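Structure, as structure tokens:
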Amino acid sequence: MLRSVFLAAAGSARMERLVSSVPVTKGIVQRFVAGEGVDDALRASRVLADDGLAVSLDHLGEDTLTEEQATATRDHYLALLGRLKGAGLTPAAEVSLKLSAVGQKLDDRLAFDHASAICAAAAEAGTTVTLDAEDHTTTDSTLEILADLRKDYPGTGAVLQAYLRRTEGDCRDLATAGSRVRLCKGAYAEPESVAYQSALDVDKAYVRCLNILMSGEGYPMVATHDPRLVAIAEDRARWFDRRSDEFEFQMLYGVRPEEQARLAAAGHTVRVYVPFGDQWYGYLMRRLAERPANVAFFGKALTSKK
Ligand SMILES: Cc1cc2nc3c(=O)[nH]c(=O)nc-3n(C[C@H](O)[C@H](O)[C@H](O)COP(=O)(O)OP(=O)(O)OC[C@H]3O[C@@H](n4cnc5c(N)ncnc54)[C@H](O)[C@@H]3O)c2cc1C
């Protein structure tokens, strides 16, 4: 119930104006978002890298509705990749990209051209790009653009959402040599016709997808904070004899940092997804939808005098 309220709020311009105008929300924003500028993102990446963690940086922003905004987002990424290289943070730092932020809703070709320029800059910086997964109406277009990008930039990563009924098939298609695939549960409000609705069904689907990716020839990126799924992934890695450079764990900035450290200390590759930028509203609402404790924290921030 709360989940659907927050996911509906994520798409509401009125709520966005209200929440973004309340400065105390910065407290909770800081927990999940590295900051508004590139310097903040670099600082957070440096701290994580010093702790032996890899990162994927996401310049926040989605559903771009003008060509100018799409071009500006591309330019933000090009500048970010230059800075990452200059700071010696690549290849441990890569970037995550939402195609909707570079014009997917306007024109697939525009999104492809911008994504391609970002992949070229990433290659130049010695690192990679992963295409985030958004709501199910974008999945076909995103996977088509991914296939085209991989012709020139084979290291470009995909994201698959276990809650979508189609995803086992997509895992089979993408479990090929050199293919980087991030598997997550999925963060959007989706109808029953396309997505499993109960937490149990989503978890079972996640394990089926994980089995396909871990037994395949690609590079699985296990993106979850769920202790049971992390334990199952560790088990599958042992079973399929995957070394620490043959798969990785991924978690979000600010979520279960002790578990991130534990997995890294156990010898696993762990990548932290680090969002930054001033367009944090939709991202924050999805994090609040995921966990009741986060909602209480948010409520306290809104009512606090500080
Ligand atoms: C690196 C990364 C990238 C992602 N990219 C995408 C994407 O491109 N598209 C997309 O749709 N979604 C993406 N997601 C979000 C994902 O789909 C889920 O919505 C999100 O990860 C929550 O699911 P979960 O697997 O952590 O399990 P949940 O069911 O949310 O949590 C399971 C359990 O994990 C533990 N847990 C969760 N949060 C916390 C917390 N804050 N503190 C302590 N314990 C906690 C609790 O034990 C909880 O019961 C991404 C997630 C990650 C980690």
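From a predicted model like this one, the values you see are computed outputs, not experimental measurements. Values reported hereafter were calculated over all heavy atoms of this structure, with side chains retained and with hydrogens, waters and symmetry mates removed.
- Arg236 and Ser215 are not linked by any side-chain donor-acceptor pair at a separation below 3.5 angstrom, with hydrogens and angles left out of the test.
- In terms of heavy atoms, Gly277 sits closest to Val33 at O-CG1, 4.3 Å.
- Within the 3.5 Å criterion, the main-chain N or O of Leu149 finds no donor-acceptor partner in the side chain of Asp152.
- A donor-acceptor pair is defined here as one N or O able to donate and one able to accept, closer than 3.5 Å; such a pair exists between the side chain of Thr73 and the backbone of Ala101.
- Think of Tyr163 as one node in a network of Ile, Leu, Val, Met, Phe, Trp and Tyr side chains linked at under 4.5 Å; its network also takes in Leu164, Tyr188, Val194, Tyr196, Val202.
- Follow the hydrophobic side-chain contacts under 4.5 Å out from Ile118 and you reach Val55 in the same cluster.
- Checked against side-chain contact (heavy atoms from CB on, under 4.5 Å), Ser96 has the following partners two or more places apart in sequence or in another chain: Ser56, Asp58, Glu94, Thr130, Asp132, Arg182, Tyr273.
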### Message
Using side chain to side chain contact (heavy atoms under 4.5 Å, CB included), reason through Lys204 and Val207 one step at a time and then give a plain yes or no.
### Response
CA-CA 5 Å; Lys204 288 201 293 201; Val207 175; 5.9 Å; no
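- No side-chain donor-acceptor contact under 3.5 Å links Thr176 to the backbone of Ser179.
- The side-chain contact (heavy atoms from CB on, under 4.5 Å) check on His225 picks up Met251, Leu252, Val255, Arg256, with sequence neighbours excluded.
- Residue pairs satisfying the ring pair (Phe, Tyr, Trp, His ring centres under 6.0 Å) criterion with at least one member in residues 72-100, sequence neighbours excluded, are listed as follows: His59-His76.
- Nearest heavy-atom pair, Val274 versus Ala34, reported as atom, atom and distance to 0.1 Å: CG1-CB, 3.5 Å.
- When only modelled atom types and interatomic distance are considered, Glu134 and Thr142 share no side-chain donor-acceptor pair under 3.5 Å.
- Under a 3.5 Å cut-off, the side chain of Tyr206 and the backbone N or O of Leu183 do form a donor-acceptor pair.
- Pairs engaging residues 218-232 under the salt bridge (charged side-chain N to carboxylate O under 4.0 Å, His left out) rule: Lys185-Asp226, Asp203-Arg228 [sequence neighbours left out].
- Minimum heavy-atom separation, Ala49 to Leu89: CB-CD2, 4.1 Å.
- Leu48 CG to Arg271 CZ: the interatomic distance, rounded to the nearest 0.5 Å, is 11.5 Å.
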What donor-acceptor contacts under 3.5 angstrom involve side-chain atoms of residues 78-88, with partners at least two apart or in another chain?
residue: Arg83; atom: NH1; partner: Asp39; partner atom: OD1; Å: 3.4
residue: Arg83; atom: NH2; partner: Asp39; partner atom: OD1; Å: 2.6

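- Not counting sequence neighbours, the partners of Asp140 by the side-chain contact (heavy atoms from CB on, under 4.5 Å) test are Glu144, Arg166.
- The hydrophobic cluster containing Phe276 also contains Leu53, counting ILVMFWY residues as joined when their side-chain heavy atoms lie under 4.5 angstrom apart, directly or transitively.
- Within the model, atoms CG of Leu174 and CD of Glu217 stand 13.0 Å from one another, a figure rounded to the nearest 0.5 Å.
- For Asp50, the side chain to side chain donor-acceptor pair (under 3.5 Å) test picks out no residue, with sequence neighbours left out.
- Between the side chain of Thr127 and the main chain of Ala93, a donor-acceptor pair closer than 3.5 Å is present.
- When all heavy atoms of Gly52 and Ala264 are compared, the pair lying nearest together is O-CB, 4.5 Å.
- Nearest heavy atoms, His114 versus Val102: CD2-O, 3.5 Å.
- Using modelled atom types, one finds no donor on one side chain facing an acceptor on the other under 3.5 Å when comparing Glu67 with Gln69.
- If you chain together hydrophobic residues whose side chains sit under 4.5 Å apart, Val272 and Trp280 never meet in one group.
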### Query
Step by step, would you call Asp241 with Arg238 a salt bridge (charged side-chain N to carboxylate O under 4.0 Å, His left out)?
CA-CA 5 Å; Asp241 226 2; Arg238 273 192 297 275; over 6 Å; no
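- The side-chain contact (heavy atoms from CB on, under 4.5 Å) search around Asp107 returns Arg109, Leu110, not counting sequence neighbours.
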#### Entry: Intermediate values then yes/no, side chain to side chain contact (heavy atoms under 4.5 Å, CB included), Val222 and Thr224
CA-CA 6 Å; Val222 183; Thr224 182; 4.1 Å; yes
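- The ring pair (Phe, Tyr, Trp, His ring centres under 6.0 Å) pairs that include a residue from residues 229-254 are Phe247-Phe249, Phe247-His268, Phe249-His268, where partners are two or more places apart or lie in different chains.
- With sequence neighbours excluded, no residue satisfies ring-ring contact (aromatic ring centres under 6.0 Å, His included) with His136.
- Not one N or O on the side chain of Arg180 forms a donor-acceptor pair closer than 3.5 Å with the backbone of Thr128.
- Around the CD atom of Gln197, the shell of radius 6.0 Å holds more than 12 heavy atoms that belong to other residues, nucleotides or ligands.
- A distance of 7.5 Å separates CG of Leu57 from CG of Leu42, quoted to the nearest 0.5 Å.
- Counting only distance, with no hydrogens or angles, the side chain of Arg242 and the backbone of Met214 share a donor-acceptor pair below 3.5 Å.
- For residues 153-162, no pair satisfies side chain to side chain donor-acceptor pair (under 3.5 Å), with sequence neighbours left out.
- The minimum heavy-atom distance linking Lys105 with Ser100 is given by the pair CG-CB, 4.5 Å.
- If you take CG on Leu60 and CD on Glu36, they are separated by 9.5 Å, rounding to the nearest 0.5 Å.
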